[in-house]
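Below, chain A is the first sequence line, B the second, and so on; all start at residue 1. As the structure is a computational prediction, the values presented were derived from the model and not from experiment.
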Protein chains: 2
Amino acid sequence: MSDAMSGDAVDRILKQWARERPDLDVSPMGVIGRLSRCAALLSQRLDGVFAEYGLSGWEFDVLATLRRAGAPYQLAPTELFSSLMVTSGTMTHRLKVLEGKGWIVREASNQDARSTLVRLSGEGFALLERALEGHVANEHAILSALPARSVDALEKRLAELLAALETPRG
Amino acid sequence: MSDAMSGDAVDRILKQWARERPDLDVSPMGVIGRLSRCAALLSQRLDGVFAEYGLSGWEFDVLATLRRAGAPYQLAPTELFSSLMVTSGTMTHRLKVLEGKGWIVREASNQDARSTLVRLSGEGFALLERALEGHVANEHAILSALPARSVDALEKRLAELLAALETPRG
DNA sequence: CAAATTAATCTTGAAATCAAGACAAGGAGA
DNA sequence: TCTCCTTGTCTTGATTTCAAGATTAATTTG
């Protein structure tokens, strides 16, 4: 029941609903509200470090996706927007910007004439490697506010939830 | 360590990093990646139900904030954008749209001549009450995929994390 | 009380995103 | 092969959001 006087923003919301709509069981708002709020605050913190490397969050995401794909650090636009959960139109725009900054290069696919593959440039690779260090350090620092045991437990529960959310509904 | 073969999207990412950068401890990406992904998928699911009532997510959020404030369902724009974690400019735009749809009305504050208070209209109130039912039912349904115990545990851990994230850093 | 500071809101212009649709190329089947 | 359906990508137009600055009112100081 998430009792205790946590006193965070979500607790205040739950108290308001309890007063206004005591008939409703709004307990799911506790978990879901905290999850959304954590996500929003986390992404702010992550963006702060990305900015130190002259990157926005989405720029880091695209470069990192290419990087972790392994040599030759090349993927098709469809693979990119599928992984990153954005639309194809969004990816078109992102790639245009990243190409303009010289962090990616594009070249026709041998396999599929419809596709113009995306590859990390040398500069893109180097920039990502640098930013990655800072990013990972940042994530460690953020989670260091919690006992390791809590982080592990959190991850386990999130994995369960993610599995449920990724399962196509029936 | 979130072992087991959960096999979700984040696991695949972690495996890629382990192959490409075995020197880095990217374990924080497991928690943080799952959290972000859960948040994204959740908000899609919630939007689906909001749409059934002709609402977008942000519209529901604003109306709900006014509703749970209690009678007379009236707040200043600053209170709204602070609660909702958006900028003042964003709120100006949102209020213009909601006023155009007739779901809120605005009136000058007695206390502060700089402020034009926002109040739920009768229609806004009625619409929100309806949408709220569907929304809460939806949240219950989503979480019903997990054992109640897991949900409780998840909430506890998220509360810890949220407390850490809301604490101004030093 | 006047001046300086702070606070509340709105305006402006630029980014980023999505939905829908356009199109060309791939692939399956008659 | 010729058609039809699917797939991969881009285009277009509308939304939504933010950052920065403008404005006006409230508050604090000297």
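Atom NE2 of A:H93 and atom C1' of C:dA19 are 16 Å apart (whole Å). Distance, A:L84 CG to C:dT17 P: 10 Å, rounded to whole Å. If you take CE of A:M91 and P of C:dC18, they are 9 Å apart, rounded to a whole angstrom. What separates CG of B:L98 from P of D:dT16 is a distance of 10 Å, to the nearest Å. What separates CD of A:E59 from C1' of C:dA15 is a distance of 11 Å, to the nearest Å. Distance CG (A:D112) to C1' (D:dT6): 12 Å, rounded to an integer number of Å. When the C1' atom of D:dT17 is taken as reference, atom CZ of B:F81 falls 14 Å away, rounded to whole Å. Rounded to whole Å, atom P of C:dT11 lies 12 Å from atom CG of B:L95.
For A:R106, whose side chain is taken as the heavy atoms from C-beta onward, the closest listed nucleotide among C:dA25, C:dT17, D:dC10 is D:dC10. Here D:dC18 is the nucleotide among C:dC18, C:dC10, D:dC18 with the atom lying nearest to any side-chain atom of B:T87. Among C:dC10, D:dT11, C:dG26, the nucleotide with an atom closest to any side-chain atom of A:A113 is C:dG26. Picking from D:dT16, C:dC10, C:dT17 the nucleotide with the shortest atom distance to the side chain of B:W58 gives D:dT16.
Within 4.0 Å of A:V97, counting heavy atoms only, lies no atom of the nucleic acid at all. Using a 4.0 Å heavy-atom distance criterion, B:S115 is classed as a sugar-phosphate-only contact.
A donor N or O paired with an acceptor N or O is not found under 3.5 Å between the base of D:dT24 and the side-chain atoms of B:R114. For B:T90 against D:dC18, no side-chain N or O and base N or O form a donor-acceptor pair under 3.5 Å.
Residues B:P77 and A:S56 each lie close to DNA chain C; by heavy-atom proximity, the contact nearer the 5' end of the strand is made by B:P77.
A salt bridge is defined here as a Lys NZ or Arg NE, NH1 or NH2 lying under 4.0 Å from an Asp or Glu carboxylate O, and A:K101 with A:E123 fails to meet this definition. Ion pair B:D8/B:R34 flagged as a salt bridge, since at least one NZ, NE, NH1 or NH2 atom sits closer than 4.0 Å to an Asp/Glu carboxylate oxygen.
Residue A:R94 places none of its side-chain N or O atoms closer than 4.0 Å to OP1 or OP2 of C:dC18. Look at A:K96 and you'll find a side-chain N or O under 4.0 angstrom from OP1 or OP2 of D:dT11.
Between B:F50 and B:F60, the angle of the ring planes stays under 30°, which puts this pair in the parallel group of the 30/60° scheme.
Counting all heavy atoms, side chain and backbone alike, A:D11 lies closest to A:G7 at OD2-N, 2.9 Å.
Looking only at atom types and distance, the side chain of B:E79 has no donor-acceptor partner in the side chain of B:S82 under 3.5 Å away.
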